[in-house]
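Only one structure is covered here, and it is reproduced in the block below.
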Amino acid sequence: EVQLQQSGPELIKPGASVKMSCKASGYTFTSYVLYWVKQKPGQGLEWIGYINPYNDDTKYNKKFKGKATLTSYKSSSTAFLELSSLTSDDSAVYFCAKGTARATGWFVYWGQGTLVTVSA
Amino acid sequence: DIQMTQSPASLSASVGETVTITCRASENIYSYLAWYQQKQGKSPQLLVYNAKTLAEGVPSRFSGSRSGTQFSLKINSLQPEDFGIYYCQHHYDTPWTFGGGTKVEI
């Protein structure tokens, strides 16, 4: 059974950074692209970027360049999203989602999400 | 960026009815469109990709179609578990973008 277990909620001060994780199980981690998506409270969805854990290739939505950094550790089947210079606009739920073998752009299976709250 | 416009923003329907949600792309995305269902407090679930291909495990009462830059998600014989917010998303070229969502109330 495919599972994407995301790390717990974060309360972060403005200007700081946060790094959240997405641990995959139930499939071969390096065979599928992993996407990240942002959802502000009560609002819609925004694609942040993706990483190919096989070769660590990444692609970002230009809106999130300089804000988001995607990494992965093959040994632990875990992907990470780091957000820097946090503001209130970064308060949101962040989802990781498993894709297909290629970056086809549809999100097959989603993690439960990590709530990030930016507040002094 | 390609803009995705969904309509209606919300609808209410009874069990057994047929419901259609539409999504219009601001430019030609061919058939590169996906649909998701999201329930309150949960993560989205993939329903359809490539405009009309049902994702694994999705009931056959769901169907997707395309006419030019307009796409539709049809739910035949609406079931109580079909409530939630439905989002379209193009997967033609990055950045992939989502529609604003359609809330379906039973």
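Just so it is clear, the model here is predicted, and its values are computed rather than measured. Per chain, numbering begins at 1; letters A, B, ... match sequence-line order.
Checking side-chain atoms of A:K67 against main-chain N and O of A:S84 turns up a donor-acceptor pair under 3.5 Å. Listed for the B:R24 side chain is no donor-acceptor partner under 3.5 Å among the backbone atoms of B:S26. A side-chain donor-acceptor contact under 3.5 Å links A:Q6 to the backbone of A:C96.
With a 6.0 Å cutoff to the six-membered ring centre and a 45° limit on the axis angle, A:K98 counts as a cation-pi contact of A:Y32.
Shown here is A:K40, whose NZ atom has more than 12 heavy atoms of other residues, nucleotides or ligands within 6.0 Å. No more than 12 heavy-atom neighbours from other residues, nucleotides or ligands sit within 6.0 angstrom of NZ on B:K74.
Heavy-atom distances place the side chain of A:Y35, and not its backbone, under 4.5 Å from chain B. With a 4.5 Å cut-off on non-hydrogen atoms, A:Y50 touches chain B through its side chain but not through its backbone. For chain A, no part of B:E56 is nearby; none of its heavy atoms comes within less than 4.5 Å. Heavy atoms of B:Y32 lying under 4.5 Å from chain A are absent altogether. Heavy atoms of A:K63 lying under 4.5 Å from chain B are absent altogether. For chain A, no part of B:A55 is nearby; none of its heavy atoms comes within less than 4.5 Å. With a 4.5 angstrom heavy-atom cutoff, A:F95 touches chain B only via side-chain atoms. For chain B, the nearby part of A:Q39 is the side chain; its heavy atoms alone come within less than 4.5 Å.
In terms of heavy-atom pairs under 4.5 Å with chain B, the best-connected choice from A:L45, A:V93, A:N61 is A:L45.
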- Under the side chain to side chain contact (heavy atoms under 4.5 Å, CB included) criterion, do B:Y36 and B:F98 qualify, and how do the steps go? CA-CA 10 Å; B:Y36 302 86; B:F98 292 82; 4.0 Å; yes
